[in-house]
Amino acid sequence: MFLRRRSIASLLPMVIAMMPAPALAGGFYLQEQSPMETGRALSGGAAAADDPSIVYFNPAGMTALPGVQISTGGVLLSVTARQNDLGTTRTVPGAPGEISVSGGSGGKPFASLIAVPSFHATAQVTDRLWLGVGVTAPFGLKLDYDEDFFGRYDSLHTELKTYNVQPSAAFILTENLSIGGGVDVQYVKVVLTNALPNLSPVATDGLARMKGDDLSIGWNAGLFYHAGGTQFGLHYRSGIKHRIEGLATLSNLQGPLAALNGTSDLVAPLSLPDIATASVTRRLTPRARAMVTARWYNWSVFQAITIRSGTGTSVKQVRYRDSYSVSAGGEYDVSERLTLRAGTMFDRTPTNPQYLTTRVPDGDRVWLSGGATWNLSPSLALNLSYAHNFIQSVTINRPDHYYAGGAAVTTTTRSRAGGNVDQLAASVTARF
């Protein structure tokens with residue numbers, strides 16, 4: 001019984017490592033909530049107010065959209081990722097030093113195409129009141145490494161999905177100033193696995209699997225100001241505190257560890273950051289517009305992951321840092337029917353280099369994007385965009401500790417990770 005209780009407690013850090021701590025880096029925050037915004041690298045932000053997706057970026061901007069307008073579409077992500085082994089090792093109980101962990105590079109962990117859908121609608125109720133709703137997926141990723149991946153003790157399968165429904169309202173205060181806000185009803189689901197080392201390096205691996213979900217509520221609010229050819233927007237989105245409840249399952253542990261196999265309840269608080277946005281758009285000529293957006297992400301609220309179970313409480317430090325992004329873009333009306341746009345963005349990762357993982361080896365990103373809107377009629381428009389994300393390569397040196405006492409095992413995943421993302425986005429906007 002003593003071995004079982006001590007060993008289960010020592011496995012809590014392993015289960016914590018399965019939580020999406022690094023998953024909440026830029027790589028899992030999906031900013032692509034508008035195909036039109038994708039084409040200008042999100043530089044329209046809280047101020048452009050030319051599409052119903054303004055519900056997500058700043059609901060106060062709905063007051064610039066007359067009548068009833070609906071936009072539906074999505075972004076297809078094509079992710080290229082690579083892992084290069086730099087000497088991954090593990091220890092063996094009772095033996096000095098470390099031995100190499102064999103395995104391949106993990107194959108192609110990402111699906112060939114990852115869809116990020118979105119839907120937004122706005123309605124002018126009176127000459128001063130607007131209502132709207134947005135349905136988005138602001139966080140999410142799914143990847144599977146091959147079973148013989150050299151980093152399998154760090155991660156194998158990752159699936160994180162969120163669904164966010166945002167009812168919103170906006171009100172004109174003065175001729176130039178509007179306010180708006182909304183409620184974020186957000187559901188999150190997490191499924192994560194990784195291999196577990198058995199005491200003998202020649203034994204087949206064990207497996208850890210964690211599954212859980214939660215439904216929580218946040219809020220957001222903004223200001224929208226316009227004068228002459230200038231529009232200015234401020235927006236704040238509250239952080240959301242999830243309480244993920246689910247099950248943790250350990251299987252295929254052998255020898256003295258076999259007593260650990262089984263399933264137990266799991267509770268894990270998970271905090272998503274506050275986000276503040278400031279945007280400016282300026283009409284340069286009757287046909288040309290420039291825009292700039294800056295965002296701040298309060299990731300420093302995410303310093304540790306705490307796991308509670310029947311065997312006690314364990315804490316793993318992640319020490320995230322506040323991050324930011326800055327984007328700039330422009331648009332040109334070629335004709336009454338065709339608008340072209342382009343943009344660029346720098347997006348700083350919030351991850352701490354000391355806590356990187358193969359589950360999401362995130363680095364700083366640079367966007368280059370372009371797009372177009374074709375007005376099929378006065379009431380119907382087609383938006384198309386393409387963006388390429390350059391992601392900084394990073395070095396992973398991640399130790400993980402398993403079991404207790406004489407059975408203790410340490411695995412150290414050492415890797416050089418890199419990749420990039422291509423985005424193809426399309427939406428249809430209808431005006432009534």
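Note that the numbering runs from 1 along the sequence shown for the chain.
Ring geometry for His120 against Tyr56 counts as perpendicular: the plane angle is over 60°, on a 0 to 90° scale with 30° as the lower cut. By the 30° and 60° cut-offs, the orientation of the rings of Phe149 relative to Tyr145 is parallel. Ring-plane geometry between Phe139 and Tyr29 is classed as tilted, the angle between the planes lying from 30 to 60 degrees on a 0 to 90 degree scale.
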- Message: Go through it in stages, so that I can follow the logic: the residues are Tyr225 and Phe232, the test is ring pair (Phe, Tyr, Trp, His ring centres under 6.0 Å), and I'd like the CA-CA distance, side-chain angles, deciding distance and then a yes or no.
- Response: CA-CA 5 Å; Tyr225 178 84; Phe232 177 71; 7.7 Å; no
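Side-chain contact, Arg209 with Thr249: no donor N or O sits under 3.5 Å from an acceptor N or O. In this structure, a donor-acceptor pair under 3.5 Å is present between the side chains of His242 and Asp214. Side chains of Ser300 and Asp322: a donor on one and an acceptor on the other come within 3.5 Å. Neither side chain, His388 nor Asn420, offers a donor N or O lying under 3.5 Å from an acceptor on the other. For the 3.5 Å distance criterion, the side chains of Asn252 and Thr204 qualify, holding a donor opposite an acceptor. Remark: the Ser178 side chain and the Thr63 side chain contain an N/O donor-acceptor pair separated by less than 3.5 Å. The closest side-chain donor-acceptor pair between Asn389 and Gln423 falls under 3.5 angstrom. Thr358 and Ser155 share a side-chain donor-acceptor pair at under 3.5 Å.
Salt bridge Arg237/Asp184: present, at least one basic N to carboxylate O contact under 4.0 Å. Using a cutoff of 4.0 Å between basic side-chain nitrogens and carboxylate oxygens, Asp400 and Arg398 are scored as salt-bridged. Comment: Arg40 engages Asp50 in a salt bridge, judged by a side-chain N to carboxylate O separation of less than 4.0 angstrom. A salt bridge is defined here as a Lys NZ or Arg NE, NH1 or NH2 lying under 4.0 Å from an Asp or Glu carboxylate O, and Arg152 with Asp205 meets this definition.
Nearest heavy atoms, Phe224 versus Ala47: CE1-O, 3.4 Å. In plain terms, the two heavy atoms of Thr277 and Ala46 that are nearest each other are CG2-CB, 4.2 Å. For Ser34 against Asp51, the heavy-atom pair with the smallest separation is OG-OD2, 4.2 Å. The heavy-atom pair separating Ile172 from Trp130 by the smallest distance is CD1-CZ3, 3.6 Å. For Leu257 against Leu253, the heavy-atom pair with the smallest separation is O-CB, 3.6 Å. A pairwise comparison of heavy atoms in Gly44 and Thr281 identifies O-CG2, 4.4 Å as the closest pair.
Arg282 meets the salt bridge (charged side-chain N to carboxylate O under 4.0 Å, His left out) test with no other residue; sequence neighbours excluded. Looking at residues two or more places apart in sequence or on another chain, you find a ring-ring contact (aromatic ring centres under 6.0 Å, His included) between Tyr236 and Trp219.
A cation-pi arrangement, defined by a distance under 6.0 Å to the six-membered ring centre and an angle within 45 degrees of its axis, is absent between Arg321 and Tyr297.
Within 6.0 Å of the CZ atom in Arg416, the count of heavy atoms belonging to other residues, nucleotides or ligands exceeds 12. Other residues, nucleotides and ligands contribute over 12 non-hydrogen atoms within 6.0 Å of the CD atom of Glu98.
Side chain of Asn375 to main chain of Ser377: no donor-acceptor pair is present (N/O by atom type, distance under 3.5 Å, no hydrogens or angles).
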